[in-house]
Asker: 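Below is the structure I would like to discuss, written out as structure tokens.
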Amino acid sequence: MNERNPSTRERIIAVATTAFATQGFEQSSLREIAEELGFSKAALYYHFRSKEDLARAIIVPMTEAFDDVLSAAEAQDNPDRETLLGEIFDLLFSHFAVYRVVMRDASILRAVDLERWSGEWIERISHILVGPDPDVVETVRAVMAVGGLARTLFLTATMPPSTVKTEAVRAAMRVLDADTKDES
């Protein structure tokens, strides 16, 4: 692809991503997206049969990248947890516009079946971060570590990413390694 002339499909995805992130998935219409691009709704339908197809085109590259990161960690005998958390941060940062879409309007989750993927990821991440057959506490810690890492990125978007990454990964590691003694 020529960087100066993105394909029509890429332009549609870029405009739709912005619309979904600012207005929400449900509130955005294909008519408005087509108008923003300067062509008819029929022309938009030539590239995407539905708003759900367009949502999948936006979200699937991020989900595939996430699967790749997890698969690479799973292929290692003893993956480094801190490295994995850093890679997850980097992935979310590189797909920040898509992450904003998901955070802006959770209704897009239904359109792309992200709930199913999320459930699979939680299982895989728990296995990688805390070992096979994690108990409830270990699973919660793994989910909190990754969820906190992701939410931190969203809430600190205007701060230097390298500093945020370092601190977010450190905090996630503390969650994973916290003492489990009951202090009540």
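From a predicted model like this one, the values you see are computed outputs, not experimental measurements.
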Asker: For S50 and L30, work out which heavy atoms get closest and say how close.
Answerer: C-CD1, 4.0 Å
Asker: When you measure from the centre of the six-membered ring of F93, is the NZ or CZ of K165 closer than 6.0 Å and no more than 45° off the axis?
Answerer: no
Asker: Sequence neighbours excluded, which residues qualify as side chain to side chain contact (heavy atoms under 4.5 Å, CB included) partners of E26?
Answerer: D105, S107, R110
Asker: Say you draw a straight line from CG of D68 to CD of E87; how long is it, rounded to the nearest 0.5 Å?
Answerer: 11.0 Å
Asker: Taking the side chain as C-beta and beyond, is there a heavy-atom pair between I128 and R81 under 4.5 Å?
Answerer: no
Asker: Are any of the side-chain heavy atoms of F89 and V164 separated by less than 4.5 Å?
Answerer: yes
Asker: Between R124 and D67, does the salt bridge (Lys or Arg N to Asp or Glu O under 4.0 Å) criterion hold? Intermediate values first, please.
Answerer: CA-CA 10 Å; R124 293 171 71 190; D67 281 335; 3.0 Å; yes
Asker: So, taking the atom named NE2 in H95 and the one named CD in E64, what distance separates them when rounded to the nearest 0.5 Å?
Answerer: 9.5 Å
Asker: What are the two closest non-hydrogen atoms of R11 and L37, and how far apart are they?
Answerer: NH2-O, 3.4 Å
Asker: Show every side-chain hydrogen bond (donor to acceptor under 3.5 Å, both in side chains) that has at least one partner inside residues 37-47, sequence neighbours left out.
Answerer: none
Asker: CG of L176 to CZ of R174: how many Å apart, nearest 0.5 Å?
Answerer: 11.5 Å
Asker: What are the two closest heavy atoms between R141 and A178, and how far apart are they?
Answerer: NH1-O, 2.5 Å
Asker: Could you give the distance from CG (D177) to CD (E82), rounded to the nearest 0.5 Å?
Answerer: 9.5 Å
Asker: Distance-only, no hydrogens or angles: does the S94 side chain make a donor-acceptor pair with backbone N or O of L91 under 3.5 Å?
Answerer: yes
Asker: What pair of heavy atoms forms the shortest contact from A57 to R9, and how long is it?
Answerer: CB-NH2, 3.8 Å
Asker: What is the minimum heavy-atom distance between F25 and A55, and which atoms define it?
Answerer: CE1-CB, 3.7 Å
Asker: Tell me, please, which residues at least two apart from W117 pass side-chain hydrogen bond (donor to acceptor under 3.5 Å, both in side chains).
Answerer: none
Asker: Checking I12 against F39 for the side-chain contact (heavy atoms from CB on, under 4.5 Å) test, could you report, in this order, the C-alpha distance in whole Å, the side-chain angles of both residues, the deciding distance, and whether it holds?
Answerer: CA-CA 10 Å; I12 294 168; F39 44 80; 3.8 Å; yes
Asker: Compare every heavy atom of S28 with every heavy atom of G24, then report the nearest pair and how far apart it is.
Answerer: O-OG, 2.7 Å
Asker: Do V175 and I88 share a hydrophobic cluster (ILVMFWY, side-chain heavy atoms under 4.5 Å, transitive)?
Answerer: no
Asker: Less than 4.5 Å apart, any side-chain heavy atom of V98 and any of L92?
Answerer: no
Asker: Roughly how far, to the nearest 0.5 Å, is the CD atom of Q27 from the CZ atom of F20?
Answerer: 11.0 Å
Asker: Return yes if some donor-acceptor pair links the side-chain N/O of T156 with the main-chain N/O of M159 below 3.5 Å, else return no.
Answerer: no
Asker: Does any part of the side chain of I125, heavy atoms only, come nearer than 4.5 Å to the side chain of F66, both counted from C-beta?
Answerer: yes
Asker: Holding to side chain to side chain contact (heavy atoms under 4.5 Å, CB included), I want the full list of residues that pass it with T166, two or more places apart in sequence or in another chain.
Answerer: R170
Asker: V140: what forms a side chain to side chain contact (heavy atoms under 4.5 Å, CB included) with it, not counting sequence neighbours?
Answerer: V136, M144
Asker: With heavy-atom distances below 4.5 Å as the criterion, would you say the side chains of E138 and D135 are in contact?
Answerer: yes
Asker: Side chain to side chain contact (heavy atoms under 4.5 Å, CB included) with V143: which residues, sequence neighbours excluded?
Answerer: I122, T139
Asker: In Å and rounded to the nearest 0.5 Å, what is the CG to CD distance from L44 to E35?
Answerer: 11.0 Å
